[in-house]
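As structure tokens, the structure follows; a few thoughts come after it.
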Amino acid sequence: MMRPGPKNSITDVEGLKVGNAEDHRLKSGVSVVLCDQPAVAAVQVLGGAPGTRETDLLDPHNTVQTVDAVVLSGGSAFGLDAASGVQAGLREMGRGFAVGPLRIPIVPAAILFDLINGGDKDWGRYPPYRELGYQAVQAASEDFMTGTAGAGTGALTATFKGGLGTASTVMDNGITIGALVAVNALGSATIGDTRHFWAAPFEEGVEFGGLGIPQPFPQDARELRIKFRAGQRETQNTTIAVIATDAVLTKAEAKRLAISAHDGFSRALWPSHTPLDGDLVFALATGTSGRTVSVQDFIDLGAAAASTMARAIARGIHDATAAENDLLPAWSTRDSAT
């Protein structure tokens, strides 16, 4: 048996906070997952067009075992500057990997492409992402906005505006798992031309509209919806996410958790993991539950990671709101009869 956590949020995982900062004129922003104490971390990249920072150190065979935060940002390669702002905020707090008298905050980051989405990108000499990263640290809390917020501010999918989504699951053994995702996919989170979500089988209550599976199932469901295919602007993509748990995991186990969470992409987005997406999942294990995981329990944990991620993706689309100069409609603005 599984159920959502009290907030149905990644912050149901004890030891984590989330901070958002965005610029709605820019139509872009930054989200940071801040660890109260350094957390075991890993990453899995399955998209063909990733943009990352400090991901090599997350390989299980490398020295650094834990991170202080992870960053999801808009801005394509410019958005990698956000991690510098997060580092600055953490350094002021005295956080980081100890090297003699120095402390170096460990902040892996990933970006999505939202440069051509109707926002004003005329930012002058330097992009704003370092400052947005710093602001996101200052805003870190157990409660945060979803939808058109943080890294999801300027996100788009093939059919609707994208957004920032979150969800959580409490397993029957007491372990909690949570997801945070910025959905900017090349493909679609909805079935055919309907408002029904591919993630519908995993929905808890009416967390993303309660529409369920369309009846009858539309004949056009298998037709690919590809973002801006007619305009040949197919590089404006990438879904980036964090899967987190309060279980005690090794780096190798965290890597396996990140791999499992990618199944949630496949359950919620059609298509996913394309050559023009940089689809990526960071995994965090805070260990705050004190519970280790057997091989059999890890099967359940991996399944929960996939379903929780699928729900978070659908919630990101569901929670997005309309704004001036949008290139695509928000899910909430479409006729509820479809």
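For this chain, numbers begin at 1 and follow the sequence in order. Small disclaimer: the values here were computed from a predicted structure and weren't measured.
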Q: With rounding to the nearest 0.5 Å, note down the distance linking OG1 in Thr169 to CZ in Arg311.
A: 4.5 Å
Q) Are Phe208 and Phe197 an aromatic pair by the rule of ring centers under 6.0 Å? A) yes
**Q.** Among Ile116, Ile111, Leu112, the one residue meeting side chain to side chain contact (heavy atoms under 4.5 Å, CB included) with Asp114
**A.** Leu112
Q) Quick one: OG on Ser260 to CG on Leu301, what's the gap to the nearest 0.5 Å? A) 7.5 Å
Q) Does a donor on one side chain sit under 3.5 Å from an acceptor on the other, for Arg225 and Thr190? A) no
Q. How close do Thr11 and Lys17 get, heavy atom to heavy atom, and via which atoms?
A. CG2-CA, 4.0 Å
(Q) With rounding to the nearest 0.5 angstrom, report the NZ to CG distance, Lys161 to Asn117. (A) 9.0 Å
Q.
If you compare all heavy atoms of Trp198 against all heavy atoms of Ala268, which two are closest, and at what distance to 0.1 Å?
A. CB-O, 3.8 Å
**Q.** Ala39 to Leu284 - nearest heavy-atom pair and separation
**A.** CB-CD2, 4.4 Å
Q.
Tell me whether Leu164 shares a hydrophobic cluster with Leu280, the cluster being built from Ile, Leu, Val, Met, Phe, Trp, Tyr side chains joined at under 4.5 Å.
A. yes
Q | Pair Lys27-Asn325, side-chain donor/acceptor within less than 3.5 Å | A | no
Q: For the pair Lys7 and Asp12, find out whether any cationic side-chain nitrogen is under 4.0 Å from an anionic carboxylate oxygen.
A: no
Q. Taking all non-hydrogen atoms of both residues, which atom of Glu14 and which atom of Thr286 are closest, and how far apart?
A. O-OG1, 3.1 Å
Q. Would Thr159 and Arg334 satisfy side-chain hydrogen bond (donor to acceptor under 3.5 Å, both in side chains), going step by step from the backbone distance to the final call?
A. CA-CA 11 Å; Thr159 48; Arg334 265 284 297 272; over 6 Å; no
Q: Evaluate the criterion side-chain contact (heavy atoms from CB on, under 4.5 Å) for residue pair Thr66 and Ile106; output intermediate values, then yes/no.
A: CA-CA 8 Å; Thr66 58; Ile106 305 299; over 6 Å; no
Q. Cation-pi between Arg195 and Trp331: NZ/CZ under 6.0 Å from ring centre and within 45° of the ring axis?
A. yes
Q) Ser266 versus Ser272: any side-chain heavy-atom pair under 4.5 Å? A) yes
(Q) Is a donor from one side chain sitting under 3.5 angstrom from an acceptor on the other, for Arg291 and Thr176? (A) no
Q) Are Val43 and Val40 connected, step by step, through hydrophobic side chains (Ile, Leu, Val, Met, Phe, Trp, Tyr) whose heavy atoms are closer than 4.5 Å? A) no
**Q.** Value rounded to 0.5 Å, distance of OG1 in Thr166 from CG in Asp319
**A.** 10.0 Å
Q. Is there a path of hydrophobic side-chain contacts, each under 4.5 Å between heavy atoms of I, L, V, M, F, W or Y residues, that connects Val281 with Val181?
A. yes
Q: Taking only Lys NZ, Arg NE, NH1 and NH2, and the carboxylate oxygens of Asp or Glu, determine whether Arg3 and Glu204 approach each other closer than 4.0 Å.
A: no
Q. Atom OG1 in Thr308, atom CE in Met2: separation rounded to 0.5 Å?
A. 7.5 Å
Q: Could you walk me through whether Val183 and Ile317 pass side-chain contact (heavy atoms from CB on, under 4.5 Å), step by step?
A: CA-CA 7 Å; Val183 189; Ile317 309 302; 3.8 Å; yes
(Q) Run the side-chain contact (heavy atoms from CB on, under 4.5 Å) test on Phe113 and Thr238 for me, step by step, so that the C-alpha distance in whole Å, both residues' side-chain angles and the decisive distance to 0.1 Å come before the verdict. (A) CA-CA 7 Å; Phe113 188 106; Thr238 294; 5.8 Å; no
Q: Test Tyr134 against Glu92 for side-chain hydrogen bond (donor to acceptor under 3.5 Å, both in side chains), laying out the working first.
A: CA-CA 11 Å; Tyr134 183 83; Glu92 290 178 351; 2.7 Å; yes
Q. In the single-linkage hydrophobic clustering (I, L, V, M, F, W, Y; side-chain heavy atoms under 4.5 Å), do Leu257 and Val293 co-cluster?
A. yes
Q.
Please evaluate residues His262 and Gln44 with respect to the criterion side-chain contact (heavy atoms from CB on, under 4.5 Å), reporting the C-alpha separation (whole Å), side-chain torsions for both, the decisive distance (0.1 Å), and the verdict.
A. CA-CA 8 Å; His262 271 287; Gln44 179 70 12; 3.6 Å; yes
Q | Non-hydrogen side-chain atoms of Glu223 and Asp220 separated by less than 4.5 Å | A | yes
**Q.** Side-chain H-bond candidate by donor/acceptor type, Thr274 with Asp277, under 3.5 Å
**A.** yes
(Q) Let me check something: do Leu57 and Phe282 share a hydrophobic cluster, defined by ILVMFWY side-chain heavy atoms less than 4.5 Å apart, either directly or through other members? (A) yes
Q | Minimum-distance pair of heavy atoms, taken over all atoms of Pro218 and Ile191 | A | CG-CG2, 3.7 Å
Q: Would you confirm whether Asn20, through its side chain, and Ala149, through its main-chain N or O, come within 3.5 Å as a donor-acceptor pair?
A: no
(Q) Do Thr153 and Ser28 pair up side chain to side chain, a donor and an acceptor below 3.5 Å, judged on atom types alone? (A) no
